[in-house]
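Below is one structure; the comments refer to it alone.
Order of appearance sets the numbers: ligands from 1, and atoms from 1 within every ligand.
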Amino acid sequence: MKISRVLLLAMAGVLAGCKTSAPPKPVDQLNAQEMHGHAVYQARCVTCHSDRTDQKRNGPPMLGVFKKQYMPSGAPANDERVSATVQHGRNMMPAQGNVIDQQELDDLLAYLHTL
Ligand code: HEC
């Protein structure tokens, strides 16, 4: 029991230290839902968040957002927290809950998962 726990922690450390994650899925390979999410992203997010480079704009880059365990704030990188950020905003990030409906949000999440 103790040993496996130590092993797990060591493995988590190796994963966390691994900086080379897979590149984003090329735009021409996106499925229909991801493609629609890409369009939503271009309309609502790209001015403040780069998606295919790690360049910082107003906000942190979304490149690999779901490949990391945590977002810049320290919140876990999962659908729930990203959705809440989009809907309710965060500090200097404006809430988008009034302009993005549930379908667009689902598609947006599908796109973010390809990054
Ligand atoms: C007007 C600029 C702006 C727009 C538009 C914008 N954001 Fe942000 N976003 C920010 C800023 C600034 C932060 C950093 C907030 C902070 O933690 O202080 C941020 C943070 C985030 C975070 C990280 C939250 C965390 O917990 O660290 C996510 C995820 C995010 N934005 C997603 C999106 C998505 C998806 C869209 C499009 C629907 C979007 N943002 C649109 C400015 C923006």
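Distances from atom 25 (C) of ligand 1 to the heavy atoms of P94, S73, A95 put S73 nearest. When the options C45, C48, G74 are ranked by their closest heavy atom to atom 4 (C) of ligand 1, first place goes to C48. Compare M71, R44, Q87, Q96 by their heavy atoms: the one nearest to atom 23 (C) of ligand 1 is in M71.
Looking at H49 against ligand 1, only its side chain comes within 4.0 Å, counting heavy atoms. If you look at V65 next to ligand 1, there are no close heavy atoms at all, none under 4.0 Å. By the criterion of a heavy-atom distance under 4.0 Å, both the backbone and the side chain of R90 are placed next to ligand 1.
Using a 4.5 Å heavy-atom threshold, the side chains of T114 and Q29 count as separate. Under the 4.5 Å side-chain criterion, counting only non-hydrogen atoms from C-beta, V27 is in contact with M35. Inter-residue side-chain proximity for M92 and N58 is flagged as unmet; no heavy-atom pair is nearer than 4.5 Å. At least one side-chain heavy atom of L30 sits under 4.5 Å from a side-chain heavy atom of K25. When side chains are defined from C-beta on, L63 does not count as touching S50, because their heavy atoms never get closer than 4.5 Å. Here the side chains of C45 and M62 are not in contact, with every heavy-atom distance at 4.5 Å or above. Within the 4.5 Å cutoff, the side chain of H49 has heavy atoms near those of the P60 side chain. In this structure, the side chains of R90 and M71 stay at 4.5 Å or more apart for every pair of heavy atoms.
Close approach of ligand 1 to L108 (heavy-atom distance below 4.0 Å) involves ligand atoms 35 (C), 38 (C). In summary, the atoms of ligand 1 found under 4.0 Å from a heavy atom of V86, numbered by their order in the structure, are 34 (C), 35 (C), 38 (C). Against a heavy-atom cut-off of under 4.0 Å, I100 is close to the following atoms of ligand 1: 38 (C).
For atom 14 (C) of ligand 1, the closest non-hydrogen atom of the protein is P60 CD, 3.9 Å. For atom 18 (O) of ligand 1, the nearest non-hydrogen atom of the protein is N91 ND2, 2.9 Å.
At a 4.0 Å cut-off, at least one heavy atom of N58 sits close enough to ligand 1 to count as contact. Under the 4.0 angstrom criterion for non-hydrogen atoms, M62 is in contact with ligand 1. Under a 4.0 angstrom heavy-atom cut-off, V40 registers as lying outside contact with ligand 1.
Look at M93 and atom 8 (Fe) of ligand 1: an N/O/S atom of the residue is under 2.8 Å from the metal.
The aromatic rings of F66 and H113 lie parallel to each other, their planes meeting at an angle below 30°, with 60° marking the opposite boundary.
The only member of H38, Q42, H36 that meets side chain to side chain contact (heavy atoms under 4.5 Å, CB included) when paired with V40 is H36.
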